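Read the structure below first, then the notes.
Order of appearance sets the numbers: ligands from 1, and atoms from 1 within every ligand. Bear in mind that the values here come from a model prediction, so they are computed numbers and not experimental data. Heavy-atom basis, side chains included; hydrogens, waters and symmetry copies ignored.
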Amino acid sequence: MNAHSNNNQSIGPYVIRSEIGRGSFAIVYKGKHSETKRVVSIKSVLTKKLTKKLLENLESEISILKEIRHVHVVELIDCIKLGRFIHLIMEYCSLGDLSYFIRKREKFSSIPSLAWINVDHPPVYKAGLNETLVRHFMKQLASALQFLRSRSLIHRDVKPQNLLLQPPPTEAFLEEHPQFIGSPKLPMLKLADFGFARYLQTSSMAETLCGSPLYMAPEILRYEKYDAKADLWSVGAVLYEMAVGKPPFKAPNHVELLRRIQRAKDVIRFPEEAFIHSDIKALICSLLKQNPADRIDYDQFFASMVITAPVIDESSLTGSDIQDAVKGINIPSSSPAYITDFFPKSNPNNPPGGLLRQAFQAQGSVQQPTNISQRRHSTRYVQDGTALPHAPAVFPPESAPPASNFPSHFNSKTNLAISEHKYHNNHVSDKSSTFVVVDRNNVNSFEHHSDDEIDHVQNRDRSVNGNSASPNEDVFHGSFSPESLPSNTQTYIHPRRIPIPYMKANAYPPHNPYMSHTPVTQLRRAFEQTPISLPNAPSGDSHESALERALNVANAKLNHGIDGVASKSPIQSLPKQTGLPSRTNAPVNQTIHKTLMEVLEDLAAKANAVFHMAEVKLVQVLPSLEIDDAQYDTLKDARLTSASLVSLVKESLTLYQRDIELLQIAFNFVSTGLSNKDEKNTSECREALEWYQKRYMESLEKSEFLKAVVNSYSFANTLRITKPAFASQLIYQRALDISRNAATSELSGNDVFSSFKSYKVANNLLESLLEGEFSTPSGTEDFNNTFTIQKLITLISKRLDLLQGKLQGSLPNVADKVSEGLANVTFATNYA
Ligand SMILES: Nc1ncnc2c1ncn2[C@@H]1O[C@H](COP(=O)(O)OP(=O)(O)OP(=O)(O)O)[C@@H](O)[C@H]1O
């Protein structure tokens, strides 16, 4: 039998269904037991291909796996020797491997089996996985290693490709597996591939060079004898990749890799912009020590806070919830495995992938929401990666249609830029190379790659080797990526949606024991006492003082670092409340001294901040709304039953509407003659107004789309039971969260520039609340709230001033950027 050449074969009682991926000496298939129907993975090894050494390795793997039963180790169910093949029948891990998971972290929303994860656990900006996921996976990996240690086993090939993922456990599973560790709401990690593992007597040293170079300990790269501590280096490299998004050291060959490791002299660099918790950084640094003697040992590793502290996972869905939620959803049986595994039955009513969703998917991650209608192209207003679109120079106030008359273009193909290229199989590579070193003789078999290429080395090499690290599909055509599937097979309606974290009360993890006494915690706690429901919150002393305390902590800690002298508390410098804030129809920031451009820029910044909030929510909603132009009319049939999904739609809608209001304030300002006529005719101003017009149309288009969704038949019941969404409340809460995070990051000594940017966004959001009619749920203006907002703005402005000074003083490059940003504040700035 040749399982390699024919997918419709049986191996004993197992029927092969599709190829999952390839390793250096095996092909892995998905299969099913013909009677029990248990889905398995079948690792077929052509023994002829193996050297004596590798055959020994495989036999070692078999004998080890057969004995091992652990919740975080992939189970070997059976081993069938047939002709020239040895077939290892193993537990099937349907969410692919950790390498794939990390690579796709910003695109989960377009991968049905993973889309739910980013709802509660979005990736860290400019870094890796969400901290909760990092801690969770590390605990599970540590649990597996602890188990191996107890049996004197060394893995010797710990790498993200060998860390496979299963969906979260069900309650029944948890009852059966009391040793389960980590969060039961997150994917379950399992250590796989003991190809090189062997029993290790405590005193003995292994000499064989094996494992994957990017995660390989330097002592192995140096051909020195090594022991179990080599695995700890690999764990450090995996942890780094989880937290940062890429491996700690990259090189085109092992010699260069070793050189780079040595050159680093145990100094591990982390991206400046990213917030990575200090205990995670500390653990990484203690694991990535060149000299094994300097590296922490297993006991220290198992005792570290990252491993021992409970994972604070506030996500609302449990594993059982997810399983229950998907039970009622049916999809065509022809759908790929990563969908059918999630949604077992067929449902002919499911609409195919929608244009709108495709447009968003084509644009990438949630963090970069974009224009549905047209791709933006270059303009001189380019800052922080955000460009203002070019549009015909039409003066907006006269030309922009009123919302009610605006044609809804969202179902028109012409208005939806769909980047088909996204659906090409972008994981296929013709290049042939391998990073898998199986023995000392093969160690130089690296191909040369440029640094850029190396960035994608794992991805590419998986496809080169035939490895598919993705959630697996039934029909395999060479290399696989979920995006390569035609959109109409991506039939996915997520039945359960939950509000994104920043919308939840007290979503910030408050009780991590390992940080309970740090200033960061104090700051967090202080913020946690702040009002979370703006419209209903009186501006009493308690929460104001909590906020004041919070920002004062930041000031007290940080002023010393800036000029050596603690400055006056920002609270002390607040102006006394002299009366109610003045409210006019003109922009708040409009003063007699402001130019038209300044007014437009202020308003654009505020509107842009609100727009981006709306975008983030819309992007989360889209995977659940498979709507294309043909199906717009039958939107009623879409099975949108989740209250949380409805809430998210309503929130997105109300935010787009608020954005539109803000843009209209600018139009009114320009058209009512409050501004100087000459100013309007400058090219700068015309370009700004083009941007306004474009944004206005885009927001209208999207809000019309969302209105149609909300008004659809299937929403009718759910609408009644969901809370109304108020833009003011959402914006206020978001501004608090952003400033809280910025302050936390600032106090941790990280991310000065990104704290600065976050404070700017928070302030823009808060200031947006003071523009135009600021209505509360009761329909009345709440002047106490207004005062609270102004006070917060003052506090944050103070932080901004201090940070700007700090940036200018200590980081000339960043200072330039800040100054430039401030000097040329234009539309869309600061909110990329
Ligand atoms: N039990 C499994 N369930 C689901 N997918 C699996 C399973 N085992 C392996 N795979 C997938 O198949 C791919 C190939 O696995 P294999 O163990 O043959 O090679 P590898 O460990 O990735 O590489 P190498 O053996 O060369 O170090 C893996 O990267 C993984 O994505």
Side-chain angles (χ1 to χ4, degrees), residues 3-4 14 16-32 38-46 49-50 54 57-58 60-62 64-65 68 72-79 85-104 113 155-167 187-197 208-216 234 238 337-338 341 427 433-439 442 445 457-474 476 479-482:
H4 283 194
Y14 298 95
I16 291 182
R17 281 172 58 185
S18 57
E19 182 174 320
I20 295 171
R22 294 175 187 219
S24 38
F25 57 91
I27 301 183
V28 183
Y29 298 95
K30 182 178 178 185
K32 204 175 197 176
R38 177 171 182 183
V39 178
V40 294
S41 87
I42 302 167
K43 184 167 176 173
S44 296
V45 186
L46 181 60
K49 263 177 128 182
L50 302 180
L54 290 175
N57 281 337
L58 180 66
S60 153
E61 171 168 9
I62 295 166
I64 292 167
L65 280 174
I68 287 180
H72 297 302
V73 173
V74 173
E75 181 191 350
L76 176 63
I77 300 163
D78 206 348
C79 174
F85 288 94
I86 295 180
H87 303 285
L88 301 175
I89 314 298
M90 294 185 296
E91 171 183 9
Y92 170 65
C93 298
S94 63
L95 294 186
D97 65 42
L98 186 64
S99 168
Y100 175 85
F101 193 86
I102 296 172
R103 260 193 345 260
K104 293 286 173 183
S113 57
H155 188 284
R156 295 197 287 176
D157 198 15
V158 174
K159 58 183 179 181
Q161 295 82 359
N162 280 338
L163 300 173
L164 303 179
L165 301 175
Q166 286 279 41
M188 221 186 327
L189 179 141
K190 303 226 168 196
L191 182 57
D193 204 349
F194 288 75
F196 299 110
T208 322
L209 184 57
C210 56
S212 301
L214 292 186
Y215 308 90
M216 199 184 266
S234 307
V238 169
Y338 71 89
D341 284 349
H427 287 271
S433 70
T434 176
F435 257 75
V436 181
V437 181
V438 292
D439 62 31
N442 278 345
S445 67
V457 70
Q458 292 163 291
N459 178 12
R460 188 212 51 213
D461 283 346
R462 306 321 289 171
S463 55
V464 166
N465 285 336
N467 282 342
S468 165
S470 55
N472 306 304
E473 63 169 346
D474 268 341
F476 182 78
S479 219
F480 165 70
S481 75

Fill in the blank from the handout: Closest non-hydrogen atoms of I42 and H87, given as atom of the first, atom of the second and distance, are CG2-CB, 4.0 Å
Handout entry: Sub-4.0 Å atoms of ligand 1 with respect to non-hydrogen atoms of L164
Key = 1 (N), 2 (C), 3 (N), 6 (C), 7 (C), 8 (N), 30 (C)
Problem - Proximity flag K159 to ligand 1, non-hydrogen atoms under 4.0 Å - result: yes
Problem - Numbered atoms of ligand 1 (with element) below 4.0 Å of D97, judged on heavy atoms - result: 29 (O), 30 (C), 31 (O)
Handout entry: Salt bridge flag under 4.0 Å for residues D193 and K159
Key = no
Exercise for the section: Determine whether the side chain, the backbone, both or neither of C93 has a heavy atom under 4.0 Å from any heavy atom of ligand 1. Expected result: both
Fill in the blank from the handout: Note: ligand 1 atoms sitting under 4.0 Å from heavy atoms of Q161 are 29 (O)
Problem - Reported CG-to-CZ distance for the pair L189 and F101, which is rounded to 0.5 angstrom - result: 10.0 Å
Exercise for the section: With sequence neighbours left out, write down each residue that passes side-chain contact (heavy atoms from CB on, under 4.5 Å) with V74, or none if nothing qualifies. Expected result: M90, E91, C93, L164, K190, A192
Practice task
Measure from the side-chain N and O atoms of N162 to the backbone N and O of D157, and report whether any donor-acceptor pair falls under 3.5 Å.
Solution key: yes
Handout entry: Euclidean distance, I27 CD1 relative to I20 CD1, rounded to 0.5 Å
Key = 11.5 Å
Problem - K30, portion touching ligand 1 at heavy-atom distance under 4.0 Å - result: neither
Practice task
Pull out every atom of ligand 1 sitting under 4.0 Å from any heavy atom of D157, numbered as shown with elements.
Solution key: 27 (O)
Practice task
Would you indicate which of E91, E75, M90 comes nearest to atom 1 (N) of ligand 1 when only heavy atoms are counted?
Solution key: E91
Handout entry: Within-cut-off N or O pair, Y92 and ligand 1, under 3.5 Å
Key = no
Exercise for the section: For the pair Q166 (side chain) and Y92 (backbone), establish whether a donor and an acceptor sit closer than 3.5 Å, ignoring hydrogens and angles. Expected result: yes
Fill in the blank from the handout: Within the 4.0 Å heavy-atom cut-off, what I27 brings close to ligand 1 is neither
